[in-house]
Amino acid sequence: MEDDSSDFEITHSPFGWTKSYKIQVKGHPLAESSKVITKDSSGIPDKELTSDALKGESKIRSYWKIMSPDGNLVNIGDFDFKNHKTLEILAKYESAKQRNADVPPPHVALMKKLGISDYEPASDSGNMRFFPNGRLIKSLIERYVTDRVKEYGGYEVETPIMYDSEHPSMVSYFNRFPARQYNIDSDGKKLFLRFAACFGQFLMANQYQMSYKNLPYKLYELTRYSFRREQSGELVGLRRLRAFTMPDCHAFCKDMTQATDEIKKRFELSQSVLHELGIDESDYDMAIRFTEDFYNEHKSVIEELVKKHGRPVLVEMWKEKFFYFVLKWEFNFIDNLKKASALSTDQIDVENGERYGIEFVDENNTKKHPIILHNSPSGAIERIIYALLEKAAKDSKEGRKPQLPFWLAPTQVRIIPLNEEFYDFCETLSTKISFNEIRVDVDDRNESIGKRISIAEKEWIRYILVIGEKEVNSENLSIRDRTTGKVVELSFENFLNEVKEQTKGKPFSTLNLPKYLSKRPQLMV
RNA sequence: GCCUUGGUAGCUCAGCUUGGUAGAGCGAACGCCUCGUAAGCGUUAGGUCGCGGGUUCGUACCCCGUUCAAGGCUCCA
């Protein structure tokens with residue numbers, strides 16, 4: 001683009017004279033390198049017609065490599081992917097943008113079938129509704145992630161979901177992505193819905209008087225919601241939404257040494273959180289991205305993270321810093337359509353401390369800006385549900401029984417009375433079971449045993465107790481375990497112990513549906 | 001934003017090629033059956049075939065437009 005207004009050639013102007021031009025460049029809204037370019041009618045040449053972003057973009061260069069746990073770094077082309085098929089998919093997906101899906105991802109049908117969530121036609125695309133089962137699952141995951149972050153040392157806060165785009169602290173970056181935000185006009189104010197928890201927490205951190213002795217200091221928010229008005233065609237089931245729930249923990253660190261120490265702890269936290277949520281190390285592949293400078297100065301940090309992952313890792317090395325961070329890693333889940341999506345992630349941000357005026361005083365009584373880590377230990381909660389459903393769909397495809405982690409199952413135990421003679425017994429039994437923090441319901445409908453078993457099986461319910469003459473007159477229960485399909489006899493106490501063992505250390509919430517299935521309306525989605 | 005596909009009963013879908021009184025399964029209501037580990041039987045109720053226009057004696061069906069949705073692409077900061 002030329003730095004001279006006379007070079008603009010106007011071929012037509014349907015509504016009178018064109019009064020101004022506004023050209024915007026894509027980039028992270030927090031990235032200084034992304035600038036708004038305007039050219040007004042005054043004809044005065046704009047000194048910044050060519051943005052830093054454009055200059056940077058033309059120069060940004062990525063080197064794609066694979067790093068093995070032993071620290072060996074090779075070019076993608078030289079790596080043998082024979083035993084690392086999903087990593088190969090991720091590498092091609094990221095480096096060559098190779099994709100080849102032509103059917104809906106299987107989790108979309110499952111999320112409806114299990115009564116978890118659905119599209120809400122009366123809202124905007126990508127704004128899902130969560131039915132009782134889905135809300136229960138989501139709430140349990142939210143609580144679990146929050147508990148773990150607090151245990152790690154994050155302090156939970158709450159910040160507004162909308163911001164005034166003309167407020168001085170917002171002006172510097174708001175206009176970078178007008179098409180990707182929800183904008184609200186309210187009484188003359190131009191508000192936008194937050195797309196991340198970052199600036200809410202940065203503005204809050206700005207209010208603290210911090211000493212180096214206070215650092216690292218960690219703020220955490222579970223944003224319900226963050227909003228990104230993605231293009232309509234980008235939205236896919238629970239994988240990609242316009243309104244999503246994002247746990248976001250920022251650590252303010254006094255220097256790079258502290259930041260790299262901290263990022264290791266958060267790496268382990270993320271691994272552990274995913275594992276406990278039911279997503280194993282083998283379910284995701286790691287990518288790590290950093291600047292060449294960072295690599296040269298902190299090679300051992302990168303190698304240590306890769307070693308913790310224990311498998312080869314996709315590496316993207318930038319010739320120079322283009323974003324606000326110098327290092328970023330993420331765990332990528334590969335779904336049944338071979339699509340990659342990021343779950344956990346962390347970044348080392350070296351710019352926003354200064355940009356937001358966040359300060360601390362160091363040992364020498366000098367004011368400094370902290371390095372900020374941006375970690376989501378799980379990624380979006382909706383995306384966790386997506387990953388769990390995609391895993392279940394994969395199990396199903398490969399001949400295994402699909403299931404959710406037991407602590408997330410909307411119904412954990414179902415009681416089926418043989419006929420109404422046994423209703424009283426079932427009422428007492430179900431009360432006793434639910435008293436022990438187990439979600440139990442009773443299928444008291446006038447249907448055959450076979451049909452009620454079949455229905456329970458389709459709801460992926462782990463334990464089924466059929467109650468008839470035999471059980472009423474026995475000390476033991478007949479327990480059908482879905483994982484084996486076999487019926488075993490166990491005493492009430494032993495059964496209880498078996499169930500409790502599987503939910504140990506996880507949050508609990510009571511059944512979120514009527515206990516009796518005869519009282520339950522059918523959800524038709 | 002672009003491309004593709006779709007919108008028929010509460011849900012899933014058939015019917016459209018070749019225009020002629022709207023179909024099934026599931027679910028629901030009612031009744032029968034009273035059942036031992038993956039779907040027992042019957043009856044009934046439910047539809048301006050997304051919306052608008054055109055063609056035709058006549059359109060769910062053909063044509064044009066429009067709208068909404070899903071999926072793909074770009075994108076994912």
Side-chain angles (χ1 to χ4, degrees), chain A residues 24-31 33-34 53 57 93-94 97-106 108-109 112-113 115 118-126 173 176-177 179-181 195-196 198 226 228-237 239-242 244 289 322-325 328 330 332 337 339-342 345 347 349 374 379-380 383 401 414-423 443 445-461 463-472 478-482 484-489 518 520-525:
Chain A
Q24 292 171 341
V25 178
K26 288 201 251 181
H28 191 284
L30 303 182
S33 52
S34 177
E57 199 154 27
Y93 191 92
E94 288 292 327
K97 308 286 182 196
Q98 179 181 320
R99 294 124 207 225
N100 49 4
D102 53 0
V103 288
V108 173
K112 296 182 183 191
K113 200 189 98 182
D118 191 17
Y119 307 105
E120 172 50 76
S123 181
D124 189 27
S125 316
Y173 59 86
R176 309 256 158 85
F177 282 87
R180 293 299 183 91
Q181 287 149 185
F195 42 82
C198 300
S226 284
R228 295 182 191 182
R229 217 178 59 85
E230 309 289 8
Q231 296 174 87
S232 61
E234 297 169 353
L235 307 165
V236 191
R239 181 172 69 205
R240 197 84 184 279
L241 299 168
R242 283 183 174 174
F244 55 95
R289 303 148 203 269
F322 181 65
F323 303 105
Y324 58 86
F325 44 82
K328 174 191 181 182
E330 84 254 346
N332 291 280
L337 303 182
K339 293 275 188 174
S341 0
T345 181
Q347 301 166 354
D349 170 358
H374 300 232
R383 196 170 270 188
K401 285 195 174 182
R414 171 152 301 162
I415 298 175
I416 302 181
L418 221 52
N419 60 48
E420 57 271 18
E421 229 180 287
F422 308 106
Y423 283 7
D443 191 348
R445 293 173 301 182
N446 186 12
E447 297 287 354
S448 68
I449 292 295
K451 179 158 183 176
R452 284 180 285 168
I453 299 276
S454 167
I455 289 167
E457 190 69 39
K458 282 175 182 162
E459 290 178 42
W460 300 0
I461 294 169
Y463 296 108
I464 301 173
L465 314 185
V466 174
I467 302 298
E469 201 69 38
K470 202 175 99 191
E471 289 72 26
V472 171
S478 301
I479 296 149
R480 186 185 198 278
D481 185 339
R482 181 165 172 274
T484 61
K486 299 255 165 58
V487 179
V488 294
E489 295 207 1
S518 65
R520 215 176 266 187
Q522 287 285 323
L523 183 55
M524 306 307 295
V525 286

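Lettering of chains follows the sequences in order, A, B, ..., and the numbering in each one begins at 1. What you see is a predicted model, and the numbers here were worked out from it, not measured in a lab.
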Output one line per pair: protein atom, nucleotide atom from nucleotides 1-4 of chain B, and distance, for all N/O pairs under 3.5 Å.
unit_1 : atom_1 : unit_2    : atom_2 : d
rG1(B) : O6     : Gly233(A) : N      : 3.3

Syn/anti state of rG19(B) by chi, 90° boundary around 0: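 Nucleotide rG19(B) adopts anti.
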
Base, sugar-phosphate, or nothing: which does [X] touch, judged by heavy atoms less than 4.0 Å apart?
X	answer
Glu330(A)	nothing
Lys470(A)	base
Ile449(A)	sugar-phosphate
Glu420(A)	base
Ser478(A)	base
Gly468(A)	base
Lys112(A)	nothing
Arg242(A)	nothing
Gly237(A)	sugar-phosphate

Minimum heavy-atom distance Arg482(A)-Ile461(A), with the two atoms named: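 In this case the closest contact between Arg482(A) and Ile461(A) is CD-O, 3.4 Å.
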
Over all heavy atoms of both residues, which pair between Leu241(A) and Leu235(A) is shortest? Give the atoms and the distance, please.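 Closest heavy-atom pair between Leu241(A) and Leu235(A): C-CD2, 3.9 Å.
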
Between [N] atom [atom2] and [X] atom [atom1], what is the distance in whole Å?
X	N	atom1	atom2	value
Arg228(A)	rC75(B)	CZ	P	16 Å
Glu469(A)	rC35(B)	CD	C1'	13 Å
Leu241(A)	rA70(B)	CG	P	11 Å
Tyr423(A)	rU34(B)	OH	C1'	10 Å
Leu235(A)	rG71(B)	CG	P	8 Å
Arg414(A)	rA38(B)	CZ	C1'	13 Å
Arg240(A)	rG71(B)	CZ	P	13 Å

Spacing of the [atom1] atoms in [M] and [N] (rounded, Å):
N	M	atom1	answer
rG23(B)	rC32(B)	C1'	27 Å
rG50(B)	rC68(B)	C1'	8 Å
rC63(B)	rU4(B)	P	16 Å
rC35(B)	rU21(B)	C1'	44 Å
rU8(B)	rC61(B)	P	14 Å
rA60(B)	rG19(B)	P	13 Å
rG46(B)	rG10(B)	P	11 Å
rC49(B)	rA22(B)	P	10 Å

Just verifying a value: how many Å separate Phe195(A) CZ and Arg229(A) CZ, rounded to the nearest 0.5 Å?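 Answer for the CZ-CZ pair, Phe195(A) versus Arg229(A), is 13.5 Å.
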
Please determine whether any donor N or O and acceptor N or O are separated by less than 3.5 Å between the side chain of Asn446(A) and the base of rC35(B).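 For Asn446(A), whose side chain was compared with the base of rC35(B), there is a donor-acceptor pair (under 3.5 Å).
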
Please confirm whether the backbone N or O of [Y] pairs with a side-chain atom of [X], one donor and one acceptor, at under 3.5 Å?
X	Y	result
Arg242(A)	Glu230(A)	yes
Arg383(A)	Ala342(A)	yes
Arg452(A)	Glu447(A)	yes

Show the distances under 3.5 angstrom between N or O atoms of the protein and N or O atoms of nucleotides 26-28 of chain B.
unit_1  : atom_1 : unit_2    : atom_2 : d
rG27(B) : OP1    : Lys451(A) : NZ     : 3.0

If only side-chain N and O atoms of Arg480(A) are considered, is one of them under 4.0 Å from the OP1 or OP2 phosphate oxygen of rA38(B)?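 For rA38(B), OP1/OP2 do have a side-chain N/O of Arg480(A) under 4.0 Å.
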
Ser454(A) side-chain proximity, nearest of rA38(B), rG36(B), rG72(B):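 Among the listed nucleotides, the one closest to the side chain of Ser454(A) is rA38(B).
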
In chain order, what residues pass the salt bridge (Lys or Arg N to Asp or Glu O under 4.0 Å) check against Arg289(A), with sequence neighbours excluded?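 Expected list: Glu94(A), Glu316(A), Glu330(A).
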
5' priority, RNA chain B, between Ser123(A) and Ala340(A) [closest heavy atom]: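 Nearest nucleotide further toward 5': that of Ser123(A).
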
Applying the Watson-Crick and G-U wobble criteria at under 3.5 Å, what pairs with rC35(B)? Answer none if nothing qualifies.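 Across any shown strand, rC35(B) pairs with none.
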
Taking only residues two or more places apart in sequence or in another chain, which ones pass side chain to side chain donor-acceptor pair (under 3.5 Å) with Glu421(A)?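 Expected list: none.
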
Can you name the side chain to side chain donor-acceptor pair (under 3.5 Å) partners of Lys470(A), sequence neighbours left out?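 Partners of Lys470(A) under the side chain to side chain donor-acceptor pair (under 3.5 Å) test: Glu489(A).
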
Taking side chain to side chain contact (heavy atoms under 4.5 Å, CB included) as the definition, give me every residue that meets it alongside Glu120(A), ordered by chain and number, with sequence neighbours left out.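 Glu120(A): side chain to side chain contact (heavy atoms under 4.5 Å, CB included) contacts with Ala122(A), Ser123(A), Arg129(A).
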
